[in-house]
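Indexing begins at 1, ligand by ligand and atom by atom, following the structure's order. These values consider heavy atoms only, across backbone and side chains, with no hydrogens, waters or symmetry-generated copies. As the structure is a prediction and not an experimental result, all values here were calculated from the model.
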Amino acid sequence: MALILCGLNLSPFVRKIRVQLEEKGIGYEIDPVSPFQAGDEFTALNPLRRIPVLKDADAGPDFVLPGSSAIAQYIERKHPEHPMLPKDAANYGRALWIEEYADTELAGKVGMGVFRPMIFPQLAHKAPDQAAAAEGARKLGPVFDYLERTLAGNDWYAGPDFSLADISVATHFVNLGIVGLAPVPLRWPALCAFLDRAFARETFKRLNAEHDKMKAGLVKINVTAEELWT
Ligand SMILES: N[C@@H](CCC(=O)N[C@@H](CS)C(=O)NCC(=O)O)C(=O)O
């Protein structure tokens, strides 16, 4: 297999690239590198020591590409069939912005704010930090507000078709779901309907199912979405 994606399935950024590849029907292998456990050789692959990192033997034995946004653009350029970025300039621009917003603001508030305090201790057989996670979750309200109004009555974030923008947003809600949270339909109806559409796709269904067994054994956040956000 030419493409090897280095990283863990729990990473929303790894999932972003996996959904893109699977939507396009491109085969790949996963090398389950953990950025927290990898040795010095990982620094040579990505000086930031983050996942995902892509290797592509087609581009040469030493070809290594870190960073999900660079990887996503590389894949689109190399495999233009079944495009995951809009052709129309305005929609293309929107897709890039939504990807950036999801990769930074949404990723930070879900990942560092909620997922880490809940899940990382449990992976080390310790109790989750429920108070920190609840405090982090409260900060998500304005982010969901922005994602709600940016949909502006559309099915998808950047034009009529499902795109990288939609993948980039939805992937973080998979991690939020692992913690036991989802946005409240009463306050964010468009965002919730968007997530239903995204998670009904075969790609997301398949990748979400990978977490089912692990999810069943995890302690969930002990506040409800209604308590947090309504
Ligand atoms: N902007 C990067 C973010 C990647 C990222 O933050 N990955 C996390 C896992 S979800 C990571 O490797 N974290 C390692 C660390 O924080 O040390 C991308 O889009 O690839």
Side-chain angles (χ1 to χ4, degrees), residues 3-24 26 28-56 59 63-78 84-85 94-124 128-129 132-133 136-137 139-140 143 147 157-158 163-179 181 204 207-208 210-211 214-215 218:
L3 290 183
I4 299 177
L5 190 62
C6 305
L8 302 173
N9 291 348
L10 266 183
S11 160
F13 296 99
V14 171
R15 188 180 308 111
K16 169 182 159 187
I17 300 303
R18 291 185 69 197
V19 173
Q20 180 197 17
L21 287 167
E22 295 191 21
E23 287 278 344
K24 291 169 80 68
I26 299 167
Y28 65 95
E29 272 173 31
I30 286 274
D31 178 0
V33 173
S34 163
F36 306 106
Q37 281 156 6
D40 290 344
E41 71 286 353
F42 187 57
T43 312
L45 298 186
N46 182 354
L48 302 178
R49 292 186 62 84
R50 287 173 186 262
I51 52 173
V53 171
L54 184 77
K55 295 179 182 171
D56 185 357
F63 181 84
V64 165
L65 192 60
S68 68
S69 298
I71 294 169
Q73 292 286 345
Y74 171 76
I75 290 166
E76 289 304 311
R77 184 65 64 94
K78 188 182 174 209
M84 296 308 296
L85 281 166
R94 267 187 209 107
L96 296 186
W97 160 244
I98 291 297
E99 180 190 12
E100 170 67 13
Y101 183 75
D103 284 1
T104 53
E105 185 69 353
L106 179 62
K109 291 215 158 58
V110 172
M112 302 300 278
V114 186
F115 189 81
R116 281 203 187 199
M118 280 305 297
I119 305 301
F120 278 32
Q122 296 193 66
L123 295 177
D129 188 342
K139 296 186 181 147
L140 276 165
V143 181
L147 291 172
Y157 276 99
S163 77
L164 188 64
D166 306 303
I167 300 173
S168 303
V169 171
T171 187
H172 296 288
F173 287 88
V174 176
N175 286 54
L176 202 61
I178 292 171
V179 164
L181 281 177
F204 265 112
L207 298 191
N208 287 356
E210 288 178 355
H211 305 308
M214 185 201 68
K215 258 165 104 169
L218 287 174

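- Put simply, the side chain of Thr171 never gets that close to the backbone of Ile167: no donor and acceptor are under 3.5 Å apart.
- In this structure, Arg94 contributes its side chain and Ala165 its backbone to no donor-acceptor pair below 3.5 Å.
- Residue contacts with ligand 1, taken as heavy atom pairs separated by less than 4.0 Å, involve Pro35 solely via side-chain atoms from C-beta onward.
- Within a 6.0 Å radius of CE in Met214, other residues, nucleotides and ligands contribute more than 12 heavy atoms.
- Contacts of Met112 with ligand 1, taken as heavy-atom pairs under 4.0 Å, are absent altogether.
- Geometrically, ligand 1 and Ser69 share no nitrogen or oxygen pair separated by less than 3.5 Å.
- Closest to atom 1 (N) of ligand 1 among all protein heavy atoms lies Phe13 CE2, 4.6 Å.
- Lys16 and Ser68 get closest at one heavy-atom pair: NZ-OG, 2.8 Å.
- Remark: side-chain polar atoms of Asn175 are not paired, donor with acceptor, to backbone N or O of Ser11 under 3.5 angstrom.
- When only non-hydrogen protein atoms are considered, atom 6 (O) of ligand 1 lies nearest to Arg50 NH1, 2.8 Å.
- Across all their heavy atoms, Asn9 and Arg15 have their closest contact at O-NH2, 3.5 Å.
- On a distance-only criterion, Arg116 and ligand 1 share at least one N/O pair closer than 3.5 Å.
- Residue, atom and distance of the protein heavy atom nearest to atom 19 (O) of ligand 1 are Ser68 OG, 2.6 Å.
- When ring centroids are compared, Tyr101 and Tyr157 stay outside the 6.0 Å threshold.
- Closest heavy-atom contact between Leu8 and Val33: CG-O, 3.5 Å.
- Within the 3.5 Å criterion, the main-chain N or O of Leu218 finds no donor-acceptor partner in the side chain of Gln122.
- Set against the non-hydrogen atoms of Pro12, the atoms of ligand 1 under 4.0 Å away are 10 (S).
- Atom 17 (O) of ligand 1 has its closest protein heavy atom at Phe36 CE2, 3.5 Å.
- Per-residue contacts place Gly67 under 4.0 angstrom from the following atoms of ligand 1 (heavy atoms of the residue considered): 20 (O).
- Which parts of ligand 1 touch Pro52 is read off a 4.0 Å heavy-atom cut-off, strictly below it: atoms 20 (O).
- For atom 10 (S) of ligand 1, the nearest non-hydrogen atom of the protein is Ser11 OG, 3.1 Å.
- Ligand 1 has no nitrogen or oxygen under 3.5 angstrom from a nitrogen or oxygen of Asp103.
- Closest to atom 4 (C) of ligand 1, if we only count protein heavy atoms, is Ile51 O, 3.2 Å.
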